[in-house]
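A short write-up of the structure that comes next.
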2 protein chains.
Amino acid sequence: MSDLVTRLRRHNWRITPQRRVIAETLEGSHVHFTAEEILERAVERMPELSRATVYNTLNEMVALGEVLELTLDGRSKRYDPNADHEHHHLICEGCGLMKDVHAMADPVDWLPGDERHGFSVTRASITYRGLCPECQAAAS
Amino acid sequence: MSDLVTRLRRHNWRITPQRRVIAETLEGSHVHFTAEEILERAVERMPELSRATVYNTLNEMVALGEVLELTLDGRSKRYDPNADHEHHHLICEGCGLMKDVHAMADPVDWLPGDERHGFSVTRASITYRGLCPECQAAAS
DNA sequence: TCCTAGCTTAGACTATGTCTAAACAAAGAA
DNA sequence: TTCTTTGTTTAGACATAGTCTAAGCTAGGA
């Protein structure tokens, strides 16, 4: 049973077969897929599924607040089904491997008032960068 | 005199007229331009300048470490000439306005060892999101 | 049953960025 | 000076990621 599907249903969102396949594909993996990767995997289960439906569905899930959109490499967006859970990202500059990580406090607390320029700051995310164990070994 | 040009020259990088115009366009503004915006403005000073040269030059300046590449909205990359200066970004979710900000400490220190997954973590950047004063006023 | 609203589809279109091949430019050698 | 080498610039083709459109489809209510 998909937790994401349950959360989506709470918004009175119609769960069509296409949307179910997309949600389950998104949730069934530990990595954050791009839209194309989700399309590729979902099509294995539902061959007639179209590219437009995948893009539409992902955008709607983001708008509902149940999926996070990540733009970390400047190429394509990635989708993270863990929308409620506060976390950050660690990226390998060698191979692009990405991990979810947790910091010790909320970075919003570390932005002084005089650096806020009158904004109401609601959230903050940290992108850590470095080399994963494999790329460190390859570089030495 | 452009400080960025001086820094680029230190790398024994040939400062051609095209490269100078691009560097000065990049540095002469307080906002972070996209490649297309830089092209548009640089062409006013040098009409024969090509798109490929702008993209090549920006990528080379990033590779030299003198310019930062930002991918904050998932659409197009933006370029920040302040590469040496440790700072983060505050973005308005209403209108996209972006400000440079400074946090009170280095977020690398706030990532526990058991959250590093064996990576050598070299840097971290924080993206703060909220609403700017104008968008707060418009929303209320 | 029919109607209606919303969903899905294929493919055209747009935006952003990269690649290629040829022309050009600068600096050193003869 | 002319030749050669190396690096730079150019126009335009190409690639990739994502959006839009118009038509058809589907589920649920009247």
Side-chain angles (χ1 to χ4, degrees), chain A residues 5 8-26 32-64 66-80 96 98, chain B residues 5 8-26 32-64 66-80 96 98:
Chain A
V5 169
L8 291 167
R9 207 192 297 277
R10 275 193 217 120
H11 294 275
N12 294 321
W13 203 54
R14 204 149 103 192
I15 306 297
T16 65
Q18 289 88 345
R19 288 173 176 182
R20 177 182 297 278
V21 167
I22 293 166
E24 289 177 356
T25 302
L26 188 56
H32 301 323
F33 287 137
T34 64
E36 290 298 325
E37 287 165 347
I38 292 166
L39 173 62
E40 191 179 305
R41 281 163 180 76
V43 156
E44 291 172 9
R45 292 178 55 190
M46 184 180 275
E48 72 280 15
L49 183 67
S50 79
R51 173 186 315 273
T53 298
V54 172
Y55 278 95
N56 289 343
T57 300
L58 289 170
N59 284 338
E60 284 156 16
M61 294 192 301
V62 170
L64 290 175
E66 295 297 348
V67 166
L68 271 183
E69 188 178 83
L70 310 173
T71 60
L72 297 162
D73 64 344
R75 292 216 316 257
S76 48
K77 295 174 186 168
R78 292 179 177 274
Y79 295 89
D80 180 346
M98 186 187 320
Chain B
V5 169
L8 291 167
R9 206 193 297 278
R10 277 194 215 116
H11 293 276
N12 294 324
W13 203 52
R14 204 148 103 192
I15 307 297
T16 65
Q18 289 87 344
R19 287 172 177 183
R20 176 184 297 278
V21 167
I22 293 166
E24 290 177 355
T25 301
L26 188 56
H32 300 323
F33 287 137
T34 65
E36 291 296 325
E37 287 165 346
I38 292 166
L39 172 63
E40 191 179 305
R41 283 163 179 75
V43 157
E44 291 173 6
R45 292 177 54 189
M46 183 181 273
E48 72 281 14
L49 183 67
S50 81
R51 173 185 316 273
T53 298
V54 172
Y55 278 95
N56 288 343
T57 300
L58 289 170
N59 284 338
E60 286 157 14
M61 293 191 302
V62 170
L64 291 174
E66 296 296 350
V67 166
L68 273 183
E69 190 178 81
L70 311 172
T71 61
L72 299 163
D73 64 345
R75 292 219 315 260
S76 48
K77 295 174 186 167
R78 292 179 178 274
Y79 295 89
D80 181 344
M98 187 189 316

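Chain letters run A, B, ... following the sequence lines, proteins first and then strands; every chain starts at 1. Please read these numbers as outputs of a predicted model, since none were measured by experiment.
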Rounded to whole Å, CD of B:E60 lies from P of C:dG17 at a distance of 16 Å
Against the side chain of A:Y55, the closest entry in D:dA17, D:dT10, C:dC7 is D:dA17
Listed nucleotide nearest any side-chain atom of A:A52, set C:dT16, D:dA11, C:dT9: C:dT9
Distance, nearest 0.5 Å, that separates CZ of B:R78 from CE of B:M98: 5.0 Å
Looking at A:R10 and A:E66, does any basic side-chain N land under 4.0 Å from a carboxylate oxygen? no
Tell me whether the side-chain N/O atoms of B:T53 come closer than 4.0 Å to OP1 or OP2 in D:dT9. no
Is there a side-chain contact between B:R19 and B:V5 in this structure, where contact means two heavy atoms from C-beta onward sitting under 4.5 Å apart? no
Between C:dT8, C:dA10, C:dG17, spot the one nearest the side chain of B:A35, thanks. C:dG17
Between C:dT9 atom C1' and A:I22 atom CD1, what is the distance in whole Å? 12 Å
Return the value, rounded to whole Å, for the distance between atom CD of A:E40 and atom P of D:dG18. 14 Å
Side-chain N or O of A:N56 less than 4.0 angstrom from OP1 or OP2 on D:dT19? no
Taken to the nearest whole Å, CD1/A:I15 to P/C:dT8 is 10 Å
Are the side chains of B:V54 and B:E36 in touch, meaning some heavy atoms are under 4.5 Å apart? no
Among the nucleotides D:dT26, C:dT18, D:dT10, whichever has the atom closest to the side chain of A:R14 is D:dT26
Do A:Q18 and A:T57 come close enough that some side-chain heavy atom pair is under 4.5 Å? no
Here the distance between atom P of D:dT16 and atom NZ of A:K77, to the nearest Å, is 19 Å
For a quick test of reading the model: is some side-chain N or O of A:Q18 closer than 4.0 Å to OP1 or OP2 of C:dT9? yes
Below 4.0 angstrom from OP1 or OP2 of D:dT9, is there any side-chain N or O of B:R19? yes
Distance, rounded to the nearest Å, where A:L8 contributes CG and C:dC7 contributes P: 13 Å
From CG of A:L49 over to P of D:dT26, roughly how many Å is that when rounded to an integer? 15 Å
Just how far, in rounded Å, is P of C:dC24 from CD of B:E48? 13 Å
Residue A:T16, side-chain atoms from C-beta onward, closest of D:dT9, D:dG18, C:dT8: C:dT8
